[in-house]
Amino acid sequence: MGAPFFGRLLHGGDYNPEQWLNFPEILEEDLRLFREAHINTVTLGVFSWSMLEPRDGEFTFDWLLEIMDRLHKAGISVILATPSGARPKWMADAWPEVLRVDAERRRALFGGRHNHCYTSPVYREKVRRIDTELARRAGEHPAVIAWHISNEFGGECHCPLCQQEFRRWLQKRYQDIGKLNEAWQTVFWSHVYDDFPQIESPSPIGENGLHGLKLDWKRFVTEQTVDFARAEIQALRDAGSRKPVTANLMYDFDGLDYRRFADVLDVISWDNYPSWHKKEERITALDTAVQHDYMRSLKRQPFLLMESCPAATNWQAVSKVKRPGMLLAASLQAVAHGSDSVLYFQMRQSRGSFEKFHGAVIDHWGGDSRVLQEVAETGRALECLSEVCGSGVRSDVALIMDRESRWAMQDAAGPRNENLRYMDLFLRLYGAVRAAGVNADILGEDQSLDGYRVVILPMVYMFKEGFAEKIRAFVSGGGTLVATYWNGVVNDTDNCWLGAAPHGLTDVLGLRSKELDALYDGDCNAAAPVLGNVPGFTHTYTCGTFCDVTELTTAVPVLAYTGDFYAGEAALAFNRFGDGTAWYAGALFEERLYQDLLRVVLRDAGVQTDARALFGGSGIPEGVSVTSRARGDVRYVFVQNFNRFAVRIPAELPQGAEVLYGSFRGKLEPLETLVVKFS
């Protein structure tokens with residue numbers, strides 16, 4: 001199934017009418033307020049299992065079908081959710097095996113959500129039954145446009161069923177126990193296994209020092225979760241439904257490798273809850289943009305913003321209210337980066353329980369609030385931008401962010417065991433690309449590099465089998481590589497590559513890493529330009545956290561360290577390989593270095609940007625985001641000001657451009673968005 005195209009930008013979100021079945025006047029008022037807020041889509045059925053199946057095998061769908069009839073009559077579409085994210089009490093009482101066991105081997109009591117074992121045959125059978133009934137009775141309702149599988153997959157179970165399945169998974173992966181021992185280096189500390197049945201999952205009261213075991217356990221948890229999602233989807237398909245399927249993913253979630261979901265889901269969706277106003281909005285906006293681009297890159301197609309908060313959350317340390325204009329700006333940022341929806345949690349505030357104070361389109365008062373007005377403004381904006389729906393995002397630049405590599409790096413017990421500052425590095429490189437008004441994809445090691453001009457490797461600690469060869473071919477064929485310290489250190493079983501590092505790329509980069517110096521927090525070094533350096537840098541840049549000391553072979557130095565015993569050694573180097581070029585940045589530099597470097601890299605690689613047409617040679621002001629979507633020869637350029645002050649932009653439109661949304665009047669106010677269409 002290809003990328004779903006819904007024909008309009010979806011606007012709405014999670015709706016829980018089962019909480020209000022005894023208040024028909026509220027359900028009626030909801031429809032009126034939905035129309036006022038330009039709502040066209042709601043998600044139904046998330047966490048509704050006890051209402052759909054109050055007792056084992058006893059189903060009650062009438063309330064759901066009645067709600068769907070009323071929504072359809074009002075012109076509102078439905079994303080129908082399976083209820084597997086939280087199981088009913090009767091199931092936990094009758095079959096305790098469905099409850100999870102933690103790493104210390106304690107079985108959980110009933111309560112919360114996601115407290116279920118993905119391996120349990122009982123749980124899988126009960127989920128298949130409710131999904132089948134739901135698909136048969138409601139899946140073909142004319143209001144339904146898509147399926148929403150479970151909710152925010154996460155967590156792990158260490159029960160005996162999962163232990164058995166883990167051992168089977170390992171046996172399939174390694175075939176022979178000797179190969180597993182070699183892969184995990186179990187001879188260290190004399191922890192050699194004689195057979196697969198001896199293996200237990202990692203535990204703070206047991207084995208917790210074998211990096212290979214811990215890495216494979218995380219892989220297994222991902223595969224078991226993906227298999228559970230696949231089983232849910234198969235139940236819907238077996239029941240005759242062919243509607244597209246999604247599952248809501250989460251912000252930079254460490255517990256699962258989301259790339260494994262790409263082949264299972266028809267469309268990626270995710271839940272976006274930034275802490276706006278905690279830092280300058282431009283900083284939060286950059287961090288959020290990374291996540292939008294990551295989600296879009298999972299399938300390289302439009303995604304859905306499945307949840308966002310129209311007001312304030314209730315679970316953050318400080319749940320700050322969005323300032324006027326923030327909701328619209330954040331929503332249009334998602335659309336700019338490839339979302340075909342702006343959906344919220346929740347449509348009406350719950351009256352009780354954990355999320356009764358979580359922001360909603362309709363609050364406890366139930367009147368025409370400021371939030372409702374801003375939601376309506378967002379809905380009107382999405383209607384103005386309807387032709388953007390289904391268009392893609394074209395990127396010449398790819399940054400590699402691989403979850404398995406990050407798992408291994410976090411567990412490395414290496415030069416720094418507190419605060420590797422991985423995301424600091426990633427955001428500085430990504431931010432430098434975005435500061436030039438250039439789109440970026442965020443890929444895993446297994447994704448193709450075809451079509452990209454520039455590939456960036458920020459601390460890709462693990463080089464899986466074949467990845468170095470892929471990078472070599474990319475550069476040799478004319479691509480530009482930007483690599484940093486701590487690349488290509490271990491293989492995919494978390495054993496160190498023997499020989500020179502970065503593994504397989506020393507000739508591509510024209511150097512090898514000799515020593516990686518970890519600096520204490522607060523310590524710093526600097527890198528000064530080498531006379532006659534390739535890009536003509538004249539500025540001295542500060543650096544810290546890591547300083548890689550390298551031995552150059554064919555590379556030429558651009559910057560050299562000014563301090564410590566490695567003063568004079570290359571901190572930034574440049575090399576030619578085949579028809580391409582490679583840069584090596586050996587330290588965590590201040591932001592300015594990456595901006596100066598990427599400006600040169602993007603120019604020399606021939607990467608084009610519409611920002612030049614809008615801003616000319618003056619460049620994009622700091623805090624202004626320029627992002628584009630495209631369909632054929634038509635480009636939609638989103639210009640957003642995430643500063644707390646107005647910024648100037650040219651007063652005249654470039655030739656061949658028209659304003660699709662906003663006002664082109666020579667300046668952008670704080671949080672204002674302008675969308676320009678280039679034909």
Side chains of Leu671 and Phe642: does their closest heavy-atom pair fall under 4.5 Å? yes
Nearest heavy-atom neighbours spanning Ile400 and Phe426: O-CE1, 4.0 Å
Under a plain distance cut-off of 3.5 Å, with no hydrogens placed, do Ser308 and Asn272 share a side-chain donor-acceptor pair? no
Could you check whether any side-chain N or O of Asn641 sits under 3.5 Å from a backbone N or O of Phe645, counting only pairs where one atom can act as donor and the other as acceptor? yes
Any chance you could lay out the side chain to side chain contact (heavy atoms under 4.5 Å, CB included) test for Val676 and Leu653, step after step, and finish with the verdict? CA-CA 9 Å; Val676 179; Leu653 275 175; 4.1 Å; yes
Closest contact, heavy atoms only, Ala587 versus Tyr594: O-OH, 3.1 Å
Partner set under side chain to side chain donor-acceptor pair (under 3.5 Å) for Arg219, not counting sequence neighbours: Asp216, Glu404
Is it the case that over 12 heavy atoms from other parts of the model lie below 6.0 angstrom from the CZ atom of Arg282? yes
Side chain to side chain contact (heavy atoms under 4.5 Å, CB included) for Gln185 and Asn495? Distances and angles first, verdict last. CA-CA 8 Å; Gln185 289 293 293; Asn495 287 328; 3.1 Å; yes
Out of curiosity, Ser663 OG to Glu672 CD, how far, rounded to the nearest 0.5 Å? 6.5 Å
Over 60° means perpendicular and under 30° means parallel, so classify the ring planes of Tyr561 and Tyr566, tilted if in between. perpendicular
Just how far is it from atom CE of Met462 to atom OG1 of Thr493, taken to the nearest 0.5 Å? 7.5 Å
Hey, are Arg296 and Asp340 close enough for a salt bridge, meaning a charged N less than 4.0 Å from a carboxylate O? no
Within a strict 4.5 Å, meaning less than it, do heavy atoms of the Arg629 and Val335 side chains meet? yes
Are Ile456 and Val433 packed together at the side-chain level, in the sense that at least one heavy-atom pair is separated by less than 4.5 angstrom? yes
When rounded to the nearest 0.5 angstrom, what distance separates CG in Asp604 from CH2 in Trp583? 7.0 Å
Return the OH to OH distance between Tyr485 and Tyr584, rounded to the nearest 0.5 Å. 9.5 Å
Where Lys667 and Ala646 come nearest, the two heavy atoms and their spacing: CD-CB, 4.5 Å
Which atom names give the shortest non-hydrogen contact between Ala611 and Ala436, and what distance separates them? CB-O, 4.2 Å
Lys514 atom NZ: more than 12 heavy-atom contacts under 6.0 Å: yes
Of the non-hydrogen atoms in Leu509 and Pro502, which two are nearest, and what is the gap between them? CD1-CG, 3.8 Å
Within a reach of under 6.0 Å around CG of Asp633, are more than 12 heavy atoms found that belong to other residues, nucleotides or ligands? no
Considering only distance and modelled atom types, tabulate donor-acceptor pairs under 3.5 Å from the side chains of residues 465-478, sequence neighbours left out.
residue: Lys470; atom: NZ; partner: Glu445; partner atom: O; Å: 2.6
residue: Lys470; atom: NZ; partner: Gln447; partner atom: O; Å: 3.0
residue: Arg472; atom: NH1; partner: Gly504; partner atom: O; Å: 3.1
residue: Arg472; atom: NH1; partner: Asp507; partner atom: OD1; Å: 2.5
residue: Arg472; atom: NH1; partner: Asp507; partner atom: OD2; Å: 3.0
residue: Arg472; atom: NH2; partner: Asp507; partner atom: OD2; Å: 3.0

Minimum side-chain heavy-atom gap Thr562-Asn525 below 4.5 Å: yes
Among Tyr251, Trp270, Tyr430, exactly one meets ring-ring contact (aromatic ring centres under 6.0 Å, His included) together with His292. Which residue is that? Trp270
For Lys464, is there an ion pair with Asp402 - N to carboxylate O distance below 4.0 angstrom? yes
Derivation and outcome, side chain to side chain contact (heavy atoms under 4.5 Å, CB included), residues Asn439 and Arg434: CA-CA 7 Å; Asn439 295 333; Arg434 300 289 298 126; 4.2 Å; yes
Minimum side-chain heavy-atom gap Leu614-Leu674 below 4.5 Å: no
Salt-bridge contact Arg403-Asp252 (side-chain N to carboxylate O under 4.0 Å): yes
Can you check salt bridge (charged side-chain N to carboxylate O under 4.0 Å, His left out) on Glu281 and Arg323, steps first, answer last? CA-CA 11 Å; Glu281 284 72 27; Arg323 274 21 190 181; over 6 Å; no
Measure the spacing between CG of Asp293 and CD1 of Ile442 and express it to the nearest 0.5 Å. 5.0 Å
Side chain to side chain donor-acceptor pair (under 3.5 Å) for Ser391 and Arg635? Distances and angles first, verdict last. CA-CA 9 Å; Ser391 62; Arg635 302 185 309 283; over 6 Å; no
Kindly give the heavy-atom pair with the smallest separation between Met401 and Tyr294, and that separation in Å. SD-CD1, 4.2 Å
Are Thr553 and Arg512 linked by a side-chain donor-acceptor pair shorter than 3.5 Å? no
Output, in order, the C-alpha distance, side-chain angles, deciding distance and verdict of salt bridge (charged side-chain N to carboxylate O under 4.0 Å, His left out) for Glu590 and Arg592. CA-CA 6 Å; Glu590 60 177 288; Arg592 179 174 174 177; 5.8 Å; no
Stepwise, does the side chain to side chain contact (heavy atoms under 4.5 Å, CB included) test hold for Asp411 with Leu215? CA-CA 9 Å; Asp411 201 31; Leu215 180 60; over 6 Å; no
Would you sort out whether Arg260 and Thr222 count as a side chain to side chain donor-acceptor pair (under 3.5 Å), showing the intermediate values? CA-CA 7 Å; Arg260 304 301 170 219; Thr222 291; over 6 Å; no
4.5 Å side-chain heavy-atom contact, Trp407 and Asp257: yes
Worked verdict on Tyr422 versus Gln410 for side chain to side chain donor-acceptor pair (under 3.5 Å): CA-CA 10 Å; Tyr422 168 81; Gln410 290 160 9; over 6 Å; no
May I ask you to check whether over 12 heavy atoms, not counting those of Tyr520, lie within 6.0 Å of atom OH? no
Distance col, row Thr627:OG1 vs Gln333:CD, nearest 0.5 angstrom, shows 7.5 Å
Is Arg416 salt-bridged to Asp521, cutoff N-O under 4.0 Å? yes
Quick one: does Asn643's side chain get under 4.5 Å of Val624's, heavy atoms only? yes
Val647 vs Glu622 side-chain heavy atoms within contact, under 4.5 Å: no
Pair Thr186-Asn181, side chain to side chain donor-acceptor pair (under 3.5 Å): steps then yes or no: CA-CA 5 Å; Thr186 56; Asn181 282 312; 2.7 Å; yes
